[in-house]
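Just so we're on the same page: letters track the sequence lines, and every chain starts at 1. Quick caveat, the model's predicted, so the values are computed rather than measured.
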Amino acid sequence: MPELPEVETVRRRLEPSLMGAIVRDVVLSLPRLLEGAEPRDLDVLRGLACRKLERQGKYLILRFGEGRGERVLVVHLGMSGQLTWKGPGQAVQDEFRRLPSGLAMPIGPHSVDRHTHFRVVFDAGGELLFRDPRTFGRLLLCRPSTLDAQPRLVRLGPDALGVAEEVFIERWKEFRGVRSAKAILLDQGFLAGVGNIYADEACHEAGIRPGVRSSTLAVARIGALARAVQSVLERGLANCGTTFRDFVHPDGSKGGNQEDLRVYARAGLPCLACGTVLRKGVVAGRGTTWCPRCQS
DNA sequence: AATTCGCCCTGTCGGC
DNA sequence: TGCCGACAGGGCGAAT
């Protein structure tokens, strides 16, 4: 479940390898992952240099070529997508680490297995590998002029990282309603980048029950939630992302933020703030954990 | 019009 | 041991 900190971590780590690299070949072995274009359209990337790596919410945006020929490749990792980088001549790892959850995770740049659905091969021999066991990930290919109009991007709110408290509060007032506070946080049209893990973490840090009706929060509490969102995202980023199930860095290593989670996946364990047993339920259609004492 | 729900998809786990 | 349902979950379209 890569969210903003995970995608930003991938962006930062891929940037040095990809920048300036010229595409030699593009291989898509699961066509339905590509939206808004035909698989053969990917051939236009051949010969183009990677110019820029950007991120919008949970979307990674790769810009290739320049001028009229510029093309944009957008990658969404879904819940189990992994982007790894195999340097020129670097040996692939056939070994997969077994996580406590049971899922296999590559130890380094992984070899092309049955879950590797997309590869970009570069002239110098480097390779970008996209692996996604659950295939919730998506690829988009478009021209820069139509990027903002892409169906998946057009309704995105401002990036959650660095959003000003006043902006957060104003948008909350626009979006609030009978929906729960967590539903607003998960709404990518409100802010882009917050997913299930960081929504639960932010609610706990702000002392707000995920299930409270979003319209009932006083401005002071909305402000507290705004600061909590920044705080949990920044911590996640400082820890290079949360590896709970599938998330890996481009070199195959793990994030560190799973050690710092206060509520997510800790249902039944004592709250780290007050010791009360953390409760679990379903809010906004997602598994949700909160402290019945700290959060109201 | 706003909100909830079911679906997509694979792999793992717990129960019987 | 093996089968099967539940669960995980981002985003979208259908249903309410």
Side-chain angles (χ1 to χ4, degrees), chain A residues 1-8 10 29-36 55-61 74-83 96-106 110 113-118 130-140 149-157 159-160 171-201 210-216 233 236 241-248 258 261 263-268 280-289:
Chain A
M1 54 225 93
E3 305 176 25
L4 189 155
E6 289 73 39
V7 179
E8 178 61 19
V10 169
S29 46
L30 188 60
R32 63 179 165 78
L33 293 190
L34 179 65
E35 283 185 2
R55 182 192 54 76
Q56 215 174 321
K58 304 173 192 173
Y59 291 87
L60 194 62
I61 298 167
V74 181
V75 182
H76 192 294
L77 297 174
M79 72 173 282
S80 61
Q82 305 165 336
L83 275 176
F96 284 72
R97 174 197 298 129
R98 282 276 155 187
L99 291 176
S101 68
L103 277 184
M105 196 172 70
H110 56 77
D113 66 357
R114 70 194 193 92
H115 296 303
T116 305
H117 310 304
F118 181 65
F130 180 67
R131 183 174 183 273
D132 185 8
R134 291 175 198 181
T135 71
F136 275 30
R138 285 298 176 264
L139 302 167
L140 314 175
Q150 292 296 307
R152 287 188 176 253
L153 302 177
V154 71
R155 274 178 291 272
L156 285 187
D159 196 77
R171 292 187 72 79
W172 190 275
K173 289 177 179 173
E174 287 172 33
F175 277 75
R176 68 185 173 187
V178 304
R179 280 198 292 170
S180 63
K182 179 164 175 178
I184 305 294
L185 289 177
L186 291 177
D187 187 341
Q188 300 300 295
F190 169 61
L191 292 181
V194 177
N196 206 35
I197 297 176
Y198 295 96
D200 276 11
E201 294 298 312
V212 294
R213 189 183 281 223
S214 52
S215 59
T216 64
L233 290 178
T242 303
T243 296
F244 201 73
R245 291 194 168 75
D246 320 81
F247 171 68
V248 292
Q258 57 281 2
L261 297 178
V263 282
Y264 184 84
R266 296 198 64 248
K280 173 146 193 178
V282 175
V283 177
R286 299 279 172 253
T288 302
T289 309

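- Computed from coordinates, the A:Arg138 CZ to C:dG13 P distance equals 12 Å when rounded to whole Å.
- For A:Glu3 (side chain) and A:Asn196 (main-chain N/O), a donor-acceptor pair under 3.5 Å exists by modelled atom type.
- Nearest heavy-atom pair, A:Leu156 versus A:Ala192, reported as atom, atom and distance to 0.1 Å: CD2-CB, 4.1 Å.
- In this structure, A:Gly177 reaches the sugar-phosphate backbone alone: every heavy-atom distance under 4.0 Å involves primed, P, OP1 or OP2 atoms, never a base.
- Looking at the side chain of A:Arg152, the nearest of the listed nucleotides B:dT10, C:dG10, C:dC12 is C:dC12.
- The nearest whole Å value for the distance from the CZ atom in A:Arg179 to the P atom in B:dT3 is 6 Å.
- When rounded to the nearest whole Å, the span between CG of A:Leu4 and C1' of C:dG10 equals 14 Å.
- At C:dG10, none of the side-chain N or O atoms of A:Gln188 fall inside 4.0 Å of OP1 or OP2 (strictly under the cut-off).
- Between A:Arg286 and A:Arg176, the residue anchored closer to the 5' end of DNA chain B is A:Arg176, taking for each the nucleotide with the nearest heavy atom.
- Rounded to an integer number of Å, the gap from A:Met79 CE to C:dC7 P is 14 Å.
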Worked verdict on A:Phe130 versus A:Leu33 for side chain to side chain contact (heavy atoms under 4.5 Å, CB included): CA-CA 11 Å; A:Phe130 180 67; A:Leu33 293 190; 3.8 Å; yes

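- Considering only side-chain atoms of A:His76, the nucleotide from B:dT4, C:dG9, C:dG10 that sits closest is C:dG10.
- Side-chain contact check for A:Asp132 and A:Thr135: no donor-acceptor pair (N or O, by modelled atom type) lies under 3.5 Å.
- One N or O donor and one acceptor, one from the side chain of A:Arg134 and one from the base of C:dA8, sit under 3.5 Å apart.
- For A:His115, a side-chain nitrogen or oxygen approaches OP1 or OP2 of B:dG11 to under 4.0 Å.
- Under the stacking criterion of a centre-to-centre distance below 5.5 angstrom and an interplanar angle below 30°, A:Phe136 is not stacked against the six-membered ring of C:dG11.
- If you take CG of A:Asp132 and P of B:dG11, they are 11 Å apart, rounded to a whole angstrom.
- Residue order along DNA chain C, read from the 5' end via each residue's closest nucleotide, puts A:Glu3 first among A:Glu3 and A:Arg155.
- One atom, CG of A:Leu77, and another, C1' of C:dG9, lie 14 Å apart when rounded to the nearest Å.
- Checking the phosphate oxygens (OP1, OP2) of C:dA8, a side-chain nitrogen or oxygen of A:Lys280 falls inside 4.0 Å.
- Residue A:Glu35 contributes atom CD, which lies 12 Å from atom C1' of B:dC8 at whole-angstrom precision.
- Nearest nucleotide to the side chain of A:Tyr59, out of C:dG10, C:dG11, B:dT4: C:dG11.
- Using a 4.0 Å cut-off between charged side-chain N and carboxylate O, A:Asp200 and A:Arg286 make no salt bridge.
- A:Leu30 has its CG atom 9 Å from the P atom of B:dC9, to the nearest Å.
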